[in-house]
Amino acid sequence: MAAISSSTSLMLLVPLVLILAISSTTRANDPDILTDFITPNATTVDARFFTYSGLSGFYNPNPKNFTVIKASMNEFPALNGQSVSYAVLQFPPAGVNPPHTHPRAAELLVVLMGTLEVGFVDTTNVLYNQTLQEGDMFVFPKGLVHFQYNRNHNQSAIAISAFGSANAGLLSVPKSVFTTGIDDNVLAMSFKTDVPTVQKIELGLKN
């Protein structure tokens, strides 16, 4: 029997590698469901179950604080098993969405009004920073720390984000570090500061 050439072996190997990569990626996302959709308690549903009006009043040209209006599995149960969700982000002038992560999904953000400075930090501590105008999009890779900031002190901004999960999750870096009971001495040593400074940050985040 003739030996298989190296080029033929490579052609056979590439599809296998692709299949394994796709399979691995699938396992990292929301689990597949075995039905067309998931209904609570197997009840009978109609088209109203697949309709959500919670974002209809999102437009607020003068928000007083940074606010998020979510359309995730908790607010919109029909998303359960569909691996998608949305959020509307409203920024007052000089408003910020502090550094945070979404452990279960990437985020695709588009600016609807105003401008936003956005960025994320990769696992080698490189910052990818960009200023977005109306209509611009930016993707935040899954699980990486990122932020959004309205640098304009005179105009508010609105953006909408899509997530590749029905429940992307949210881990706020400031709150997870300073409001969860980690010993003040540990935080002071970790951030190269003193305990009174740590306690001042903790108090500010609790208000």
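Nothing fancy with the numbering, it's 1 onward along the sequence. Computed from a predicted structure; not experimentally measured. The analysis underlying the following values was restricted to heavy atoms, covering all of them including side chains, and did not include hydrogens, waters or symmetry mates.
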Task: Verify same cluster id: Leu205, Val198 (apolar side-chain graph, 4.5 Å) - done: yes

TODO: Applying side chain to side chain contact (heavy atoms under 4.5 Å, CB included) between Leu89 and each of Thr67, Val68, Ile69, Leu116, report the one that passes.
DONE: Val68

Open item on the list: Taking side-chain hydrogen bond (donor to acceptor under 3.5 Å, both in side chains) as the cut-off, I'd like each qualifying pair that reaches into residues 168-177, sequence neighbours left out, listed once.
Closed with: none

Open item on the list: Looking at every heavy atom in both Gln155 and Asn150, which two are closest together, and how far apart are they?
Closed with: O-ND2, 2.7 Å

Open item on the list: On a heavy-atom basis, which atom in Pro174 and which in Pro99 lie closest, and how many Å separate them?
Closed with: CD-O, 3.4 Å

Open item on the list: Please check this pair: side chain of Asp136 against backbone of Val111, looking for a donor-acceptor N/O pair closer than 3.5 Å.
Closed with: no

Open item on the list: Same cluster or not: Met113 versus Val118, using hydrophobic residues (I, L, V, M, F, W, Y) connected whenever any side-chain heavy atoms lie under 4.5 Å apart?
Closed with: no

Open item on the list: Tell me the closest heavy-atom pair linking Glu202 and Asp184, and the distance in Å.
Closed with: OE2-OD1, 2.6 Å

Open item on the list: Which residues pass the side-chain hydrogen bond (donor to acceptor under 3.5 Å, both in side chains) test with Ser156, not counting sequence neighbours?
Closed with: none

Exercise answer: donor-acceptor pairs, residues 158-171 side-chain atoms, under 3.5 Å, sequence neighbours excluded:
{"unit_1": "Ser161", "atom_1": "OG", "unit_2": "Glu107", "atom_2": "OE2", "d": "2.6"}
{"unit_1": "Ser165", "atom_1": "OG", "unit_2": "Asp30", "atom_2": "OD1", "d": "2.9"}
{"unit_1": "Ser165", "atom_1": "OG", "unit_2": "Asp30", "atom_2": "OD2", "d": "3.3"}
{"unit_1": "Ser165", "atom_1": "OG", "unit_2": "Asn167", "atom_2": "N", "d": "3.0"}
{"unit_1": "Ser165", "atom_1": "OG", "unit_2": "Asn167", "atom_2": "O", "d": "3.2"}

- [ ] Any pair with a residue in residues 60-83 that passes ring-ring contact (aromatic ring centres under 6.0 Å, His included), sequence neighbours left out, goes on the list, sorted by first then second residue, please.
- [x] Tyr52-Phe76, Phe66-Phe91

Task: Residue pairs passing the ring-ring contact (aromatic ring centres under 6.0 Å, His included) test where at least one lies in residues 166-207, sequence neighbours excluded - done: Phe178-Phe191

- [ ] Report whether Phe147 and Tyr128 are members of the same hydrophobic cluster (ILVMFWY, side-chain heavy atoms less than 4.5 Å apart, transitive linking).
- [x] no

Task: Test item: Phe140 and Gln148 side chains (from C-beta on) under 4.5 Å apart, heavy atoms - done: yes

- [ ] Taking all heavy atoms of Leu144 and all of His146, pick out the closest pair and write down the distance.
- [x] O-ND1, 3.0 Å

Open item on the list: Please say yes or no: joined through hydrophobic side-chain contacts below 4.5 Å, possibly via intermediate residues, are Phe138 and Val126 part of one cluster?
Closed with: yes

Open item on the list: Once rounded to the nearest 0.5 Å, what's the spacing between atom CG of Asn152 and atom CG of Asn154?
Closed with: 5.5 Å

- [ ] Nearest 0.5 Å please: distance from the CZ atom of Phe50 over to the OG1 atom of Thr39.
- [x] 8.0 Å

TODO: Determine whether more than 12 heavy atoms belonging to other residues, nucleotides or ligands lie under 6.0 Å from atom OH of Tyr86.
DONE: no

- [ ] Name all residues meeting the side-chain hydrogen bond (donor to acceptor under 3.5 Å, both in side chains) criterion together with Asp46; count only those two or more places apart in sequence or in a different chain, and write none if there are none.
- [x] Arg48

- [ ] Mind checking side-chain hydrogen bond (donor to acceptor under 3.5 Å, both in side chains) for Asn80 and listing every partner two or more places apart, or none if nothing turns up?
- [x] none

- [ ] Working to the nearest 0.5 Å, report the span between CE of Met137 and CD of Gln130.
- [x] 14.0 Å

Task: For Asp183, all residues meeting side-chain hydrogen bond (donor to acceptor under 3.5 Å, both in side chains), sequence neighbours excluded - done: Asn185

- [ ] List for me each residue that meets side chain to side chain contact (heavy atoms under 4.5 Å, CB included) alongside Lys200, sequence neighbours excluded, and say none if there are none.
- [x] none

TODO: Please name all residues satisfying side chain to side chain contact (heavy atoms under 4.5 Å, CB included) with Thr197, sequence neighbours left out, ordered by chain then number.
DONE: Thr193, Asp194, Ile201

TODO: Taking side chain to side chain contact (heavy atoms under 4.5 Å, CB included) as the test, write out the residues that go with Ala94, two or more places apart.
DONE: His153

TODO: Report whether Leu109 and Phe120 are members of the same hydrophobic cluster (ILVMFWY, side-chain heavy atoms less than 4.5 Å apart, transitive linking).
DONE: yes

Task: Pair listing, salt bridge (charged side-chain N to carboxylate O under 4.0 Å, His left out) test, anchored in residues 112-135, at least two apart - done: Glu117-Arg151

Task: Other residues, nucleotides, ligands: >12 heavy atoms within 6.0 Å of Leu127 CG - done: yes

Task: Heavy-atom pair of closest approach, residues Gln82 and Ala78 - done: CG-O, 3.5 Å

Task: Between Phe37 and Phe49, ring centroids under 6.0 Å - done: no

